[in-house]
Amino acid sequence: MSKPKVLNLKDKISGNEADLSLCNLSEVPARELASFPKATVVDLSCNNIISLPPEFCSLIHLVKLDLSKNQLTCLPDDLGNLVNLQHLDLYNNKLTVLPVSFSQLRSLKWLDLKDNPLEANLAKAAGDCLDEKQCKQCASKVLQHMKAIQEEFDRAREKRLLKEKELEKKREAKQKEREAREREARKREKAEEKEKRRKEYNAQMAALAVQEQQKKKKEEKKKKNGQAADKKVEGKLAPKPQRSLIGLIFKLLLLLLLGLAGVAAACRLTDLQREDVCAPINAAVDDCLSWAKVQEGVVRQLVHNLSSAARDFLESTQTSKN
């Protein structure tokens with residue numbers, strides 16, 4: 001039989017009871033049951049239900065629940081949400097354990113776990129549950145048993161949480177240590193980079209200083225060479241005034257001689273020769289001419305003697321060669 005519809009479910013409800021037993025159900029219509037919060041008693045016995053859906057734990061209005069004679073192998077972890085549940089029948093299922101949240105069913109007064117393959121400790125706590133008194137004892141002892149499991153579970157969880165916190169602290173410490181190492185490494189890298197830039201800067205400044213020093217030396221050398229050249233030029237130019245003075249004197253003498261020659265020519269060749277002024281000049285010219293004639297004879301005799309000597313020297317040279 002398929003999942004019952006809402007209308008069919010409504011037909012199964014009478015007052016505060018919902019009788020869904022012997023309906024061949026394989027699934028619990030949890031959502032449909034949630035639509036009837038007044039149905040605090042639900043009978044799902046004698047069906048083929050294997051498990052309860054998570055939505056079933058939201059039916060907190062349930063007070064009595066019969067799930068006997070089904071195929072339940074486990075119960076949902078949030079079963080403890082059914083805080084108003086007082087009567088729970090799980091007879092003849094396939095349960096081995098109960099969820100830890102079972103300890104939260106503080107209102108539970110009656111419980112039947114017979115004919116389930118329960119694990120030993122749970123079976124011992126559940127007892128026989130053959131009558132009303134035993135079923136009430138079953139509810140009380142099972143709740144105590146589950147509370148002990150819950151406490152153990154909480155301790156284990158707390159221990160696990162503490163361990164996880166310790167591990168987290170260790171991870172954080174390692175992370176902080178790693179970050180500190182990374183910061184230190186970055187700091188060293190920055191310091192090394194800064195030192196490298198400083199050395200490069202100092203090297204550049206030193207190179208510039210050397211260049212500037214070489215430039216100054218070249219300028220000083222050039223300046224010294226310029227001063228030496230100026231001194232040489234001054235030394236070379238120093239005689240110029242003397243040469244200029246000699247040239248000036250020579251020019252003056254030449255002009256004077258030309259002037260005297262002009263005066264002598266004027267007194268000798270023009271009508272001025274009859275003047276008294278030209279008489280001493282003409283006399284001096286005559287004396288010079290006489291002296292020149294005498295010197296001409298001397299020069300000719302000297303030239304003759306030099307020619308004879310040269311001829312004799314050539315003849316003796318040729319003779320020695322032969």
Side-chain angles (χ1 to χ4, degrees), residues 6 9-10 12-21 25 27-45 47 49-114 116 118-119 121-127 129 132-158 160-161:
V6 175
L9 180 61
K10 188 175 181 180
K12 300 289 185 178
I13 294 176
S14 175
N16 66 336
E17 296 183 6
D19 187 2
L20 299 176
S21 62
L25 295 176
E27 295 180 0
V28 177
R31 294 181 180 178
E32 287 77 0
L33 287 172
S35 302
F36 299 94
K38 291 183 180 181
T40 58
V41 178
V42 176
D43 186 358
L44 290 166
S45 63
N47 283 293
I49 301 171
I50 298 175
S51 63
L52 299 178
E55 297 84 3
F56 187 84
C57 299
S58 64
L59 304 177
I60 59 175
H61 60 278
L62 294 179
V63 175
K64 184 176 180 180
L65 176 62
D66 189 351
L67 289 167
S68 61
K69 298 182 181 180
N70 277 285
Q71 303 296 319
L72 290 171
T73 58
C74 63
L75 297 175
D77 293 335
D78 295 331
L79 187 69
N81 293 342
L82 305 179
V83 293
N84 294 313
L85 190 62
Q86 299 178 11
H87 187 287
L88 177 59
D89 192 346
L90 294 171
Y91 166 73
N92 194 10
N93 276 279
K94 296 181 179 180
L95 297 172
T96 57
V97 293
L98 298 176
V100 178
S101 65
F102 195 92
S103 62
Q104 299 174 14
L105 300 176
R106 296 179 179 87
S107 299
L108 190 65
K109 306 298 182 183
W110 193 97
L111 176 64
D112 188 356
L113 287 171
K114 291 191 306 294
N116 279 284
L118 301 174
E119 57 93 12
N121 291 331
L122 180 58
K124 183 178 180 180
C129 193
E132 187 76 11
K133 181 179 179 180
Q134 288 182 348
C135 290
K136 288 182 179 180
Q137 289 178 353
C138 175
S140 176
K141 290 181 179 180
V142 168
L143 284 175
Q144 290 178 0
H145 175 74
M146 296 308 299
K147 284 179 181 179
I149 293 176
Q150 178 72 53
E151 290 174 356
E152 185 178 353
F153 177 82
D154 291 341
R155 285 194 298 269
R157 183 178 61 180
E158 185 176 357
R160 185 175 65 255
L161 291 175

Trainee: CE/Met146 to CG/Leu105 distance, rounded to the nearest 0.5 angstrom?
Mentor: 9.5 Å
Trainee: Could you check whether atom CG of Asp77 has more than 12 heavy atoms from other residues, nucleotides or ligands sitting under 6.0 Å from it?
Mentor: no
Trainee: Distance from Arg31 atom CZ to Leu9 atom CG, nearest 0.5 Å?
Mentor: 14.5 Å
Trainee: Can you check whether Tyr91's main-chain N or O pairs, donor with acceptor, with Asn93's side chain at less than 3.5 Å?
Mentor: yes
Trainee: So do the side chains of Leu33 and Val28 get within less than 4.5 Å of each other, counting heavy atoms only?
Mentor: yes
Trainee: Are the side chain of Asp89 and the backbone N or O of Ser68 linked by a donor-acceptor pair below 3.5 Å?
Mentor: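 Absent.
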Trainee: Can you find a heavy atom in the side chain of His145 that is under 4.5 Å from one in the side chain of Leu122?
Mentor: yes
Trainee: With sequence neighbours left out, which residue pairs that include part of residues 98-114 fulfil the side-chain hydrogen bond (donor to acceptor under 3.5 Å, both in side chains) condition?
Mentor: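 Applying side-chain hydrogen bond (donor to acceptor under 3.5 Å, both in side chains) to every pair that reaches into residues 98-114, excluding sequence neighbours, yields Ser103-Gln150, Trp110-Glu132, Asp112-Lys114.
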Trainee: Could you check Val42, Asp43, Val41 and say which one makes a side-chain contact (heavy atoms from CB on, under 4.5 Å) with Leu65?
Mentor: Val42
Trainee: Verify, without hydrogens or angle tests, whether Asp78 (side chain) and Pro54 (backbone) share a donor-acceptor contact under 3.5 angstrom.
Mentor: no
Trainee: Assess the cysteine pair Cys129 / Cys138: is their SG-SG separation shorter than 2.5 Å?
Mentor: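 Judged by the SG atoms alone, which are 2.5 Å or more apart, Cys138 and Cys129 are not bridged.
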Trainee: Take Ile149 and Asn121 through the test side chain to side chain contact (heavy atoms under 4.5 Å, CB included) and record every step on the way to the result.
Mentor: CA-CA 11 Å; Ile149 293 176; Asn121 291 331; over 6 Å; no
Trainee: Mind checking the CG-CG spacing from Leu82 to Leu108? Nearest 0.5 Å is all I need.
Mentor: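 That separation rounds to 10.5 Å.
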Trainee: Quick one: does Asn47's side chain have a donor or acceptor within less than 3.5 Å of a partner on Ser45's backbone?
Mentor: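 Pair found, side chain donor or acceptor close to backbone of Ser45.
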Trainee: Would you give the length of the straight line joining atom CG of Leu44 to atom CG of Asp19, rounded to the nearest 0.5 angstrom?
Mentor: 9.0 Å
Trainee: Nearest 0.5 Å, please: how far is OG1 in Thr40 from CG in Leu85?
Mentor: 10.5 Å
Trainee: Out of curiosity, Leu98 CG to Glu119 CD, how far, rounded to the nearest 0.5 Å?
Mentor: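 Spacing of CG (Leu98) from CD (Glu119) equals 8.5 Å.
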Trainee: Is it the case that atom CG in Leu161 sees more than 12 heavy atoms from other parts of the structure closer than 6.0 Å?
Mentor: yes
Trainee: Got Lys38 and Asn16 here, is their nearest side-chain heavy-atom distance under 4.5 Å?
Mentor: no
